[in-house]
Engineer: 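Dropping the structure in here first, questions after.
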Amino acid sequence: MKFQMLASALVLCVTACDIRASSITFTAVGANPAAITATRDAFRAAVGGGTVAGANGSFGGLRREINWDGVPDGLSAPNSLPANFFNVNSPRGVILSTPGSGFQVSANSGIAPINFGNIDASYTSTFQPFSPQRLFTALGSNVVDVSFFLPGTATVATVSAFAAIFTDVDLANTTSIQYFDAFNNSLGTFFATNSPGGSQTLSFLGVRFDAGERVGRVRITSGNAALGAGVTDQNGDPTDVVAMDDFIYAEPSATVPEPTTLLCVAAGLGALALKRRVKSLA
């Protein structure tokens, strides 16, 4: 009986340790960059502000940004972008993954069709960049995972905030960012604001966690279909293809799990051991 009571107490402790993320969400949508710039700037200030002077090293807690525009032509459409480009070629502490076949950054004008017009000609007038003139997409999937590292190293890191800019979000509750902690527990899924009935719109979505939560990975879901030849959306069409522009996030840092997290893990292990002990005595 004493074993059962103690096991029950530990289970209650584990339940009490269940993650309850505290966050501030930044969202905006509009027909042009000016419509979302104020929200972008507010998010920048919330995650460290300052001016990002380069890709390498620490910025003393200032934000990181990826706007894709510095990617060389040889690694842009119709060519693929290496998944580790922003931790090796231009170290900013990000490695990408996808269930699809890879990644692509759109071409500059005069090199190849812009806005992924090389994938489908209609995309040239479907999407628009926030920061001219490159965009980003996964290939063969509408899902991208972003994992964080100390820039230029294989050391796993976490951030306190992450944001992305999307173009041509037509459907509500479809384009999203899901945040995970260092133990792969979900901190929540947040949806980009849509703008139905128009092309070349821009949506900003960012979340900052303000109660000590640390983000080890985000999963971005862009629309409900992967970009592809013949895959288009029209007014009233259930297909929604979406491309991405800037990523903005707090500086990655190597962090030790909070003491409360470690206590929860220990309590969980203790509860499991006692449960087995109770069963063996039954």
Side-chain angles (χ1 to χ4, degrees), residues 10-27 42-48 58-66 83-84 86-87 91-99 138 141-166 173 175-192 204-222 244 246-272:
L10 282 170
V11 169
L12 286 174
C13 177
V14 174
T15 301
C17 290
D18 188 22
I19 291 175
R20 294 291 183 266
S22 177
S23 60
I24 301 173
T25 304
F26 298 74
T27 60
F43 184 83
R44 275 179 164 180
V47 301
S58 172
F59 297 142
L62 301 183
R63 72 182 188 277
R64 297 274 176 161
E65 292 194 17
I66 296 173
N84 62 358
F86 285 103
N87 200 43
R92 304 184 196 194
V94 158
I95 293 181
L96 308 169
S97 58
T98 179
S141 176
N142 65 325
V143 173
V144 173
D145 285 336
V146 182
S147 298
F148 302 101
F149 295 82
L150 290 184
T153 77
T155 302
V156 173
T158 59
V159 301
S160 61
F162 179 88
I165 294 175
F166 303 92
N173 301 322
T175 293
S176 67
I177 305 176
Q178 185 175 12
Y179 297 77
F180 296 88
D181 70 11
F183 299 97
N184 211 36
N185 298 304
S186 177
L187 297 173
T189 300
F190 302 80
F191 291 94
F204 182 94
L205 172 61
V207 176
R208 178 173 71 88
F209 293 92
D210 59 356
E213 303 91 347
R214 300 294 300 178
V215 179
R217 174 175 66 94
V218 299
R219 168 161 287 190
I220 303 172
T221 301
S222 301
M244 293 165 273
D246 298 5
F247 289 177
I248 307 171
Y249 48 102
E251 184 171 43
S253 63
T255 55
V256 176
E258 296 178 6
T260 52
T261 301
L262 294 176
L263 285 173
C264 288
V265 172
L269 293 174
L272 180 60

Engineer: So, taking the atom named CD1 in Ile177 and the one named OG in Ser222, what distance separates them when rounded to the nearest 0.5 Å?
Structural biologist: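 These two atoms lie 8.5 Å from each other.
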Engineer: Which distance, rounded to the nearest 0.5 Å, do you find between the CD of Glu213 and the OG of Ser23?
Structural biologist: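 Atom-to-atom, Glu213:CD and Ser23:OG are 7.5 Å apart.
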Engineer: Do side-chain atoms of Thr98 reach the backbone of Val143 as a donor and acceptor pair under 3.5 angstrom?
Structural biologist: yes
Engineer: Would you say Asn142 and Thr221 make side-chain contact, with heavy atoms under 4.5 Å?
Structural biologist: yes
Engineer: Enumerate the salt bridge (Lys or Arg N to Asp or Glu O under 4.0 Å) contacts for residues 145-165, please, sequence neighbours excluded, ordered by first and then second residue.
Structural biologist: Asp145-Arg217, Asp145-Arg219
Engineer: To the nearest 0.5 angstrom, please state how far the CD1 atom of Ile95 sits from the CG atom of Asn87.
Structural biologist: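 The distance works out to 4.5 Å.
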Engineer: Any idea which heavy atoms bring Phe43 and Arg208 closest together, and the distance?
Structural biologist: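 Minimum heavy-atom contact is CE1-N, 4.4 Å.
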Engineer: Does a side-chain heavy-atom distance below 4.5 Å link Phe149 with Val156?
Structural biologist: yes
Engineer: Any side-chain heavy-atom pair from Phe204 and Ile248 closer than 4.5 angstrom?
Structural biologist: yes
Engineer: Donor-acceptor pair, Arg214 side chain versus Thr158 backbone, under 3.5 Å?
Structural biologist: yes
Engineer: Taking C-beta and beyond as the side chain, do Phe247 and Phe86 meet within less than 4.5 Å on heavy atoms?
Structural biologist: no
Engineer: Does some side-chain heavy atom of Ile220 sit less than 4.5 Å from a side-chain heavy atom of Phe162?
Structural biologist: yes
Engineer: Return the minimal non-hydrogen interatomic distance between Asp210 and Ser22, and the atom names on each side.
Structural biologist: OD1-OG, 2.7 Å
Engineer: Which atom names give the shortest non-hydrogen contact between Ala46 and Phe26, and what distance separates them?
Structural biologist: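 Nearest heavy atoms, Ala46 then Phe26: CB-CZ, 3.8 Å.
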Engineer: Does the Thr153 side chain pair with the main chain of Leu150, one donor and one acceptor, at a distance under 3.5 Å?
Structural biologist: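 Confirmed, Thr153 side chain pairs with Leu150 backbone.
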Engineer: State, yes or no, whether a side-chain contact exists between Val215 and Phe180 at a heavy-atom distance under 4.5 Å.
Structural biologist: no
Engineer: Can you see which heavy atom on Pro91 is nearest to which on Gly152, and at what distance?
Structural biologist: CB-N, 3.6 Å
Engineer: Which heavy atom of Phe191 sits nearest a heavy atom of Thr27, and at what distance?
Structural biologist: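 The answer is O-CG2, 4.5 Å.
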Engineer: In the structure I gave you, are the side-chain heavy atoms of Tyr249 and Arg92 within less than 4.5 Å of one another anywhere?
Structural biologist: yes
Engineer: Got Thr25 and Leu205 here, is their nearest side-chain heavy-atom distance under 4.5 Å?
Structural biologist: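 Thr25 vs Leu205: side chains touch.
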Engineer: Under the rule for salt bridge (Lys or Arg N to Asp or Glu O under 4.0 Å), what residues qualify as partners of Asp246, not counting sequence neighbours?
Structural biologist: none
Engineer: In terms of side-chain heavy atoms, does Ser186 have a donor or acceptor partner in Gln178 at a distance below 3.5 Å?
Structural biologist: yes
Engineer: Locate the shortest heavy-atom distance separating Gly93 from Pro252; write the atom from each residue and the value.
Structural biologist: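 Answer, listing the atom of Gly93 first, then Pro252: O-CG, 4.2 Å.
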